[in-house]
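So you know, we letter chains A, B, ... as the sequences are listed, proteins then strands, and number each from 1.
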Number of protein chains: 2
Amino acid sequence: MLLRHPHITEDCRAVSEILQRVGDKWTVLVVGKLGDGAMRFNELRAAVGGISQKMLTTTLRGLERDGFVTRKVFPTIPPRVDYELTELGHELLVPVGALGEWARKNTNRVREARAKFDSQQA
Amino acid sequence: MLLRHPHITEDCRAVSEILQRVGDKWTVLVVGKLGDGAMRFNELRAAVGGISQKMLTTTLRGLERDGFVTRKVFPTIPPRVDYELTELGHELLVPVGALGEWARKNTNRVREARAKFDSQQA
DNA sequence: CAGAATCCATGTAGATACTG
DNA sequence: CAGTATCTACATGGATTCTG
């Protein structure tokens with residue numbers, strides 16, 4: 001590998017895949033909330049805000065399937081289900097957090113570039 | 001902010017937004033290729049591989065709009081258009097690269113979790 | 001409470017054909 | 001060469017209804 005950016009160019013597809021995985025509308029929001037500890041379904045729903053029941057279920061199932069989240073069912077009445085980040089889930093938070101930090105710092109630069117571009121399109 | 005993961009929980013929406021921005025099918029692939037220097041349209045198309053004309057145009061326009069890429073047109077015949085990463089584009093490569101590194105290291109763990117989950121679903 | 005199931009609107013991506 | 005325009009297929013997301 002005699003490329004200038006081996007950390008980027010080498011197997012770029014793997015990057016693209018996890019970015020698509022965590023790049024949907026709710027995943028990082030849910031993982032972010034779970035970063036502070038286990039939560040119940042509706043507790044999580046309220047914390048995230050604006051997410052439908054169906055999408056929270058879908059998102060959590062996906063995260064569970066990929067090993068980022070554990071699902072613990074308490075067979076009580078009414079039922080109680082706790083969701084918690086796995087070790088893998090916590091580890092994912094590190095690079096995602098770094099990207100998030102970058103995002104917060106550069107939101108304005110993107111916004112400005114966008115405004116400039118849009119005005120030039122006339 | 002007295003949260004345990006302020007770098008994650010604080011304005012999680014901004015993270016979600018750029019993740020959706022770069023989390024489409026082609027963006028990181030294109031940015032990754034451009035990481036090594038300027039390229040022409042069809043050169044980039046061949047380098048990425050599998051991308052349609054339309055999607056490359058769409059992806060590049062989006063990147064240009066957000067200030068990640070510059071578009072330089074040479075009014076020759078046949079026409080020539082060079083695309084190149086901006087400073088902002090290069091900076092974006094840093095956190096994205098980190099996430100990519102994480103992705104490559106943990107692809108197997110995700111794959112295993114997935115296989116386990118799927119087998120348990122009967 | 002925590003979902004499953006269904007239906008529907010929208011967005012995203014690809015194929016194809018045409019052009020300065 | 002580097003696009004634009006159009007059409008179509010499929011995936012994503014939301015609203016609603018029902019249930020153990």
Side-chain angles (χ1 to χ4, degrees), chain A residues 12-13 16-31 33-34 38-66 69-84 117 120-122, chain B residues 12-13 16-31 33-34 38-66 69-84 114 117-118 120-122:
Chain A
C12 230
R13 242 107 193 161
S16 185
E17 270 174 44
I18 47 107
L19 277 172
Q20 285 178 68
R21 175 63 192 81
V22 300
D24 66 8
K25 199 168 180 180
W26 303 109
T27 294
V28 294
L29 265 35
V30 169
V31 172
K33 290 300 174 185
L34 287 175
M39 293 180 92
R40 299 179 60 174
F41 187 85
N42 278 335
E43 189 183 0
L44 196 48
R45 182 151 142 75
V48 171
I51 189 172
S52 69
Q53 216 172 33
K54 176 191 162 187
M55 289 316 298
L56 182 53
T57 301
T58 303
T59 302
L60 285 169
R61 283 293 177 285
L63 287 170
E64 193 194 352
R65 183 169 113 97
D66 288 354
V69 158
T70 57
R71 180 172 181 268
K72 211 180 302 181
V73 182
F74 300 87
T76 57
I77 295 182
R80 172 198 176 113
V81 182
D82 277 10
Y83 291 94
E84 190 171 13
F117 182 90
Q120 283 171 356
Q121 293 314 87
Chain B
C12 230
R13 242 107 194 161
S16 185
E17 268 174 46
I18 46 105
L19 278 173
Q20 285 177 70
R21 175 64 192 80
V22 299
D24 65 9
K25 198 168 181 181
W26 303 109
T27 294
V28 293
L29 265 34
V30 170
V31 174
K33 291 299 175 187
L34 287 177
M39 293 180 91
R40 298 178 61 173
F41 187 86
N42 278 335
E43 189 183 1
L44 196 48
R45 181 151 142 72
V48 171
I51 188 171
S52 69
Q53 212 174 34
K54 177 191 160 188
M55 288 317 297
L56 182 54
T57 301
T58 304
T59 302
L60 285 169
R61 283 292 178 284
L63 287 170
E64 193 194 352
R65 185 169 111 98
D66 288 356
V69 158
T70 57
R71 179 172 182 267
K72 210 179 303 180
V73 182
F74 299 87
T76 56
I77 295 180
R80 171 199 178 113
V81 182
D82 279 8
Y83 291 95
E84 190 171 12
R114 219 173 265 188
F117 182 90
D118 290 349
Q120 284 170 355
Q121 293 313 87

Base versus backbone protein contacts along nucleotides 15-20 of chain D [heavy-atom cut-off under 4.0 Å; B, S, -]
B-B--B
Return the set of residues passing salt bridge (Lys or Arg N to Asp or Glu O under 4.0 Å) with B:Arg40 (not counting sequence neighbours), or none when no residue passes.
none
Below the 4.0 Å mark, does D:dG3 have OP1 or OP2 next to a side-chain nitrogen or oxygen of B:Tyr83?
yes
Assign each of A:Leu60 and A:Gln20 the nucleotide of DNA chain C bearing its closest heavy atom; nearer the 5' end lies the nucleotide of A:Leu60
For residues 48-62 of chain B, which residue pairs pass the side chain to side chain donor-acceptor pair (under 3.5 Å) check, not counting sequence neighbours?
none
I'd like to know if the side chain of A:Arg21 and the backbone of A:Thr27 have a donor-acceptor N/O pair within less than 3.5 Å.
no
Rounded to 10 degrees, the angle between the two terminal axes of the helix from C:dC1-D:dG20 to C:dG20-D:dC1, each from five pairs:
50°
Starting from P on D:dG3, measure out to CZ on B:Arg80 and report it in whole angstrom.
12 Å
Whole-Å distance separating the CD atom of B:Glu43 from the P atom of D:dC1:
12 Å
Contacts of B:Arg65 meeting salt bridge (Lys or Arg N to Asp or Glu O under 4.0 Å) (sequence neighbours excluded), chain-then-number -> A:Asp118
Applying side-chain contact (heavy atoms from CB on, under 4.5 Å), can you list everything that pairs with B:Glu17, at least two apart in sequence or on another chain?
none
Using the test salt bridge (Lys or Arg N to Asp or Glu O under 4.0 Å), find all partners of A:Arg71 that sit at least two apart in sequence or belong to another chain.
none
So, is A:Arg40 close to the C:dA2 phosphate, meaning a side-chain N or O under 4.0 Å from OP1 or OP2?
yes
Would you say a side-chain N or O of A:Arg61 is under 4.0 Å from OP1 or OP2 of C:dG3?
yes
Between C:dG14, C:dG3, D:dG14, spot the one nearest the side chain of A:Met55, thanks.
D:dG14
With sequence neighbours left out, what residues match B:Arg45 under salt bridge (Lys or Arg N to Asp or Glu O under 4.0 Å)?
none
What residues, two or more places apart in sequence or in another chain, satisfy side-chain contact (heavy atoms from CB on, under 4.5 Å) together with B:Ala47?
B:Lys33, B:Met39
